[in-house]
Each structure stands twice: as structure tokens, then as C-alpha cells.
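Some notes on the structure that comes next.
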Amino acid sequence: MGFPAGFMWGGASAANQCEGGIFEGGRGPANVDVCPSGADRHAVITGHRKMLRMDGEHRYPAAEAVDFYHRFREDIRLFGEMGFRTYRMSIAWTRIFPKGDEEYPSEEGLRFYDQVFAECRKYGIRPLVTISHFDCPIHLIEAYGGWRDRRMIECYLRLCRVLFERYRGQVRHWLTFNEINMILHAPFMGAGLCFEEGENEEQIKYQAAHHELVASALAVKLAHEIDPENQVGCMFAAGAAYPYSCRPEDVWEALLTDQENYFFVDVQARGAYPAYAVKRLQKKGVYPVMEKGDEEILGTYPVDFISFSYYNSRCIASEEQESAEGNLFRSAKNPYLKFSEWGWPIDPLGLRITLNQVYDRYQKPLFVVENGLGALDHPDETGYVEDDYRIDYLREHICAMKAAVEEDGVDLMGYTSWAPIDLISAGTGEMKKRYGFVYVDKQEDGSGTLNRTRKKSFYWYRKVIETNGEVL
Ligand code: BGP
């Protein structure tokens, strides 16, 4: 009983939030580099303020991030010490193709990830690789307008081919796009989209989504052709939508919210646009252009497994209510829940509910690839943090997950918490919003030694993994 043997415990990160070194190794500029911290970030990541270059007035936290680019050996050693069986990480697209549409990849970029994977191997850690975690080369944004252009599919598949061939046998688990539904909420970060005055944003977002969905299906095809042992998953930002009350209008709105997110997974896992999406897009006057053959592609190459991030549930009201924050989605404030320092609801049972809903809907293996607590940490003079609040959060979520496996029969492959080490926040660009088991001495103003120190949660998580989730 409990978690199955071989359950993939680990942690998850993204290149742009931890690597830094954006001017090194021949890497080209990407959308994620020019998302500033501070008040303008929101307008930039949503595509409403075009910022394709760094300026002198903003801070760009991805430039150095937490310097994983130079410190990956130390970091992976720490993951090994915690007993990680897997490490979810992403590839910076512009390390491999600095502009995005070159014919040949950069050997230097490929060599960097050779070294990262070699380091993982030393500790028996299997990489789980997100091919695109909010990455889009700036050149492709300037030349094509990002994913609104169909030619992106070809560029993305070139990247996939290079990765699948080069890392054949070293990487078996792949995710095509991080939080693919984030395209609706942060379209510049999710798909390199910038909007011009008067453009039909919905049309552009769903057109870009269509391109990503076709690209994702073709990536599944390619991965299997290159190595039949490859397993490819989709990834979406999950969190069950609860109706604010049992008023049918609230229940209806909650259903609509869930469908908006499930739309992506319905296509990636079931292989076709669901009927509700076809009708609703038509009603909104949104008609993504499809080419002959697209339907067949989507139908022939569904994903092998479904992964998602879970930070909180959502609460949906049909009428105006006090609202709450949460992973770029705002929803009504659920009066039954507690909230993090960033105002995100904390709802462990919501994870069990979400796991059940997703499993019922798709009947494919699931993988929780992000879950964690962003909090202010207060280190002592040695850098040690007594983060019982983080341990409590993770314990309760792991318990909920365990119940879903043990009592509900959900087929769960693994759990990678966000994040094994402190890194830059995607939503706010802050450093002080920390998630890690390892404290990084880097402060909000960019100062700090970048030294790594194990937090209390480090030792706790090590025990969790060692006992396969029995000692929590
Ligand atoms: C998800 C992203 C991650 C990560 C996480 C936490 O949306 O996939 O990249 O950052 O959320 O969010 P935040 O960093 O905004 O606290």
C-alpha cells in the first residue's frame, strides 16, 4: 500500500527561473529574459506592453537568476543528497537555437545539458525534461510574432528532434509545453504574443494554442519514432474549480472555468477539439485556422501521460465576490480556506479532488510536476531556515495525494515539488518568494553571495523519499 515502488519523487525547476548566464555559452535572447520584476511585469507577460529588449530602467531577474548555469553540479549534488529519483528541468531553447530558426543547433548549448544529465546520472536521478517552459526566442517573436504564426511548429520540432536524438537513452520522460493553458493568462510568457491596439486577442490566443497543440502532437510522434521508450506528457496548470455556492449559476460558471482549462488536455489526451470548445469559440467569433491534416495529427498522437501543476483550487462565483489570488488566475475568495503570504489559497484536499477529476476524465497515468509553497524565509546567520510552514504545506498535500493513490486508485507516476531550490518567481519576478528546500543567498535587490544552505525541509523531504512517503 502507499505509493508504488519506483514512484518518481523529486523537484521541479525551469531554465529561465534558475539558470541565469543568459549572455553565456552563445545563448540567444528569449522572451523570459525581458520580463522585468516590479510593477510593469504584468503588462509585459500578458502581451500588453511590448518589451523585447532590456532597458536601463527595469530589473531583469532571469539574467542571473540563481546561477544554476555555473552551480548545477553543487545543486544536483544536493538533489542527490535528498535522494531525488527524478529532476524536472527545462531546456533554454535559445541555448540550443539562439535565434530559433537556424538550421543547425549550437554545440555549446547541447554540451551544457550533456553535463547536467551526466551529473544527474551520478546520483541515479532521471531527468524529466520540459521542452518549453515559457521560452520563446526573441528572434521568432520579431520575425513571426511568436506562436501566432504556424511556422513556429517547424522551429519547435527542429528543437525537439535535436533533443530527442542527442539525449536518446538519457532522457525518457518529456513534457511538451509547461502549463499550456497559461497562454490564456500570460500570453507573452506562454507563447511570445504581443498584442497591437485593436487586435482580436482571443482569436490570436486560440490560434497560437492551436499551433502549440499541433506541435505537441507532432512532438509525441517524433519522440516515439526516435525512441519507442520515450514517454511524453502534456502539462497544464490545474486546480479544481469549486462553485461558490450550490446556486446553479455558480455551479455552471465553475464548470465553464474547468472546461476552459481542460480544453487543452482534451485535445492532447483525447485527440480532438471537444464539442463544447467548438461551439463556444464559434459563439465568440473565434475561428482558429486549421490546415487539412491537423485533425488527424491531433487524433493520432495523444500524450502518454498527463502532468499538471497544483497550487490551489479555484472558487467561482456567478456574481461579483471578494477575490483571491492564485497562480495567475484570480477567483472568488473561498471562506473555508487559509491563504499563503501571497494570497494563494491552501487546499490540500483540492489536490485529491483534482487528481480524481483528471483521472476520471482521461484514465491515463498522472504526474504532479509542481506543487509547493512560496513564502518569505528568515534564515539565521548561517543561512539555515526553519521552514515548518513549508513542511506542513507539503506534508498535507502529499497526504492528500497518497489518499488519491491508496484509496481512490489514481494511477500516479510521481511528484516533483516546486522547487527544490529557491529561484525566481514566474508570476512576480521576485526572489523573496521562496519555494526551495535549499536557501539561496540572493536578495530582492540582486545582492548576495549565491551560497546554498539546506533548510529544515531539506532533511524532512529526504526522509519522505527514503521511506517512499511513509514517514511524513
Ligand atoms: C507555475 C510555473 C512555474 C512556477 C510556479 C509558481 O505557474 O510553471 O514556473 O514559477 O507557477 O509560481 P510563482 O513563481 O509565480 O510563485
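When a ligand or atom number is given, it counts from 1 through the structure's own listing order. Just so you know, these numbers come straight off a predicted model, no measurement behind them.
Salt-bridge formation is not detected for the pair D445/R59: no Lys NZ or Arg NE/NH1/NH2 atom is positioned less than 4.0 Å from an Asp or Glu carboxylate oxygen. A salt bridge between E119 and R77 is absent, with no side-chain N of the basic residue lying under 4.0 Å from a carboxylate O of the acidic one. A salt bridge between K433 and E341 is absent, with no side-chain N of the basic residue lying under 4.0 Å from a carboxylate O of the acidic one. A salt bridge between D422 and K455 is present, with a side-chain N of the basic residue lying under 4.0 Å from a carboxylate O of the acidic one.
The atoms of ligand 1 that sit less than 4.0 Å from any heavy atom of W344 are 12 (O), 16 (O). Every atom of ligand 1 is numbered from 1 in the order shown, and the set under 4.0 Å from a heavy atom of S425 is 13 (P), 14 (O), 15 (O), 16 (O). Applying the 4.0 Å criterion to heavy atoms of N178 picks out, from ligand 1, the atoms 8 (O). Short contacts between ligand 1 and Y311, defined as distances under 4.0 Å to a heavy atom of the residue, involve ligand atoms 5 (C), 6 (C), 11 (O). With ligand atoms numbered from 1 in the order given, ligand 1 contributes 13 (P), 15 (O), 16 (O) to contacts under 4.0 Å with heavy atoms of K433.
Of the candidates G427, G190, S309, the one placing a heavy atom closest to atom 15 (O) of ligand 1 is G427. Here atom 2 (C) of ligand 1 lies nearest to E370 when heavy atoms of E370, M182, H185, Q17 are compared.
With sequence neighbours left out, D380 forms a side chain to side chain donor-acceptor pair (under 3.5 Å) with T382. Residues passing the salt bridge (Lys or Arg N to Asp or Glu O under 4.0 Å) test with E386, sequence neighbours excluded: none.
For the pair Y435 and ligand 1, a heavy-atom separation below 4.0 Å is found.
Crowding of R166 atom CZ: a count of heavy atoms from other residues, nucleotides or ligands under 6.0 Å exceeding 12.
For a threshold of 3.5 Å applied to N or O pairs, the pair formed by A426 and ligand 1 contains at least one separation below that value.
Residue contacts with ligand 1 for A14 are absent, since no atom lies close enough (heavy atoms, distance under 4.0 Å).
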